[in-house]
Amino acid sequence: AAGVIQSPRHLIKEKRETATLKCYPIPRHDTVYWYQQGPGQDPQFLISFYEKMQSDKGSIPDRFSAQQFSDYHSELNMSSLELGDSALYFCASSLGKENTDTQYFGPGTRLTVL
Amino acid sequence: RKEVEQDPGPFNVPEGATVAFNCTYSNSASQSFFWYRQDCRKEPKLLMSVYSSGNEDGRFTAQLNRASQYISLLIRDSKLSDSATYLCVVKTRNNFNKFYFGSGTKLNVKP
C-alpha cells in the first residue's frame, strides 16, 4: 500500500539559509500534519492542514511557514535556519473524518544545520 | 503539565516476559487513543488504536479507562524485536486536528 512520501530524506544547510521540505500524503488523505523531533525528544506538533486550509497550529516558529496544495501535498518552508532547527521532521497524513483519523507517518526528513 | 504523560522507562525485560505500560491524559474531552511504536531514527508506526471496550492484536492488548483517564498497553511473550519506544497518542474532541504525544516509553527486551 502507498505510504506517506517525504523529500528529501536528508538535508544539510548552513545557518541563515532556507530549506523546503515536501510531503506527499497517502492517496485520498486530505489532512497533513508536520512534526519536529529533536534528539531524544518526542515529536512536537508544528502545524496541520485539512482540505488545503490550515486547521491547527502548534509550536511552529515564525520563521517557518507551510501550505497544502490542490493535490494535497504539503511543503514546509524554513528560513533563517538556526543550529537548533537540526531535527527529524515528520509529515503525517490522515483521512480527516471523525472515525478514520489515524495518522500515518512518513519516513521523515533529517535536517542538519551547520 | 503535559497533555499526555508516560513513564519514560527504560523497561528492561527478558525475552518471554509480560510488560505493561500506562499513559495518562489530562483532557477529559479526549476522543481517540492510539499506541505508536518508534524505532531509533525511524518514523512512528501505528501499533493499535485503543477502543473503549479494549482490544487485542496478537500479543498486544490495549485498554482504555475513561474514568481514570489512562490507557494501557500490555505486551505478552516479549520478543527481541519488540525493543522500541512506545508512544501514547491522544486526540481531543475539541480540537479537530490536534494529536498529543506522550514522551514515549522505552522498552529493551534482552535475550
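So you know, we letter chains A, B, ... as the sequences are listed, proteins then strands, and number each from 1.
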Cluster check B/Val19, B/Leu80: I/L/V/M/F/W/Y, side chain < 4.5 angstrom: yes
Any A/Asp42 side-chain heavy atom under 4.5 Å of B/Lys2 side chain: yes
Residues of residues 106-114 of chain A near chain B, each having a heavy atom less than 4.5 Å away: A/Gly106, A/Pro107, A/Arg110
Ring center gap for B/Phe99 and A/Phe45 short of 6.0 angstrom: no
Crowding at NZ, A/Lys22 (>12 non-hydrogen neighbours, <6.0 Å): no
Interface moiety of B/Phe101 toward chain A, non-hydrogen atoms closer than 4.5 Å: both
Test applied, side chain to side chain contact (heavy atoms under 4.5 Å, CB included); reference residue, B/Pro44; option that passes from A/Tyr35, A/Phe90, A/Tyr104: A/Phe90
Neighbourhood of chain A inside residues 102-111 of chain B, taking heavy atoms under 4.5 Å as contact: B/Gly102, B/Ser103
Hphob cluster co-occupancy, B/Leu74 + B/Met48, side-chain heavy atoms under 4.5 angstrom: no
Enclosure of B/Arg76 CZ (heavy-atom neighbours >12, cutoff 6.0 Å): yes
Flag if over 12 foreign heavy atoms under 6.0 Å of CZ, A/Phe69: yes
Residue pairs involving residues 2-41 of chain B (criterion disulfide (SG to SG under 2.5 Å); sequence neighbours excluded): B/Cys23-B/Cys88
B/Tyr36 side chain to A/Gln103 backbone, donor-acceptor under 3.5 Å: yes
Criterion side chain to side chain donor-acceptor pair (under 3.5 Å) on A/Gln6 and B/Glu43, from CA distance to verdict: CA-CA 11 Å; A/Gln6 289 188 248; B/Glu43 74 274 23; over 6 Å; no
Joint cluster assignment, B/Leu64 & B/Tyr100, ILVMFWY side-chain distance < 4.5 Å: yes
Within one Ile-Leu-Val-Met-Phe-Trp-Tyr cluster: B/Phe60 and B/Phe33, side-chain cutoff 4.5 Å: yes
Joint hydrophobic cluster, B/Val13 plus B/Ile75, side-chain heavy atoms closer than 4.5 Å: yes
Contact residues of residues 59-67 of chain A (partner chain B; heavy-atom separation under 4.5 angstrom): none
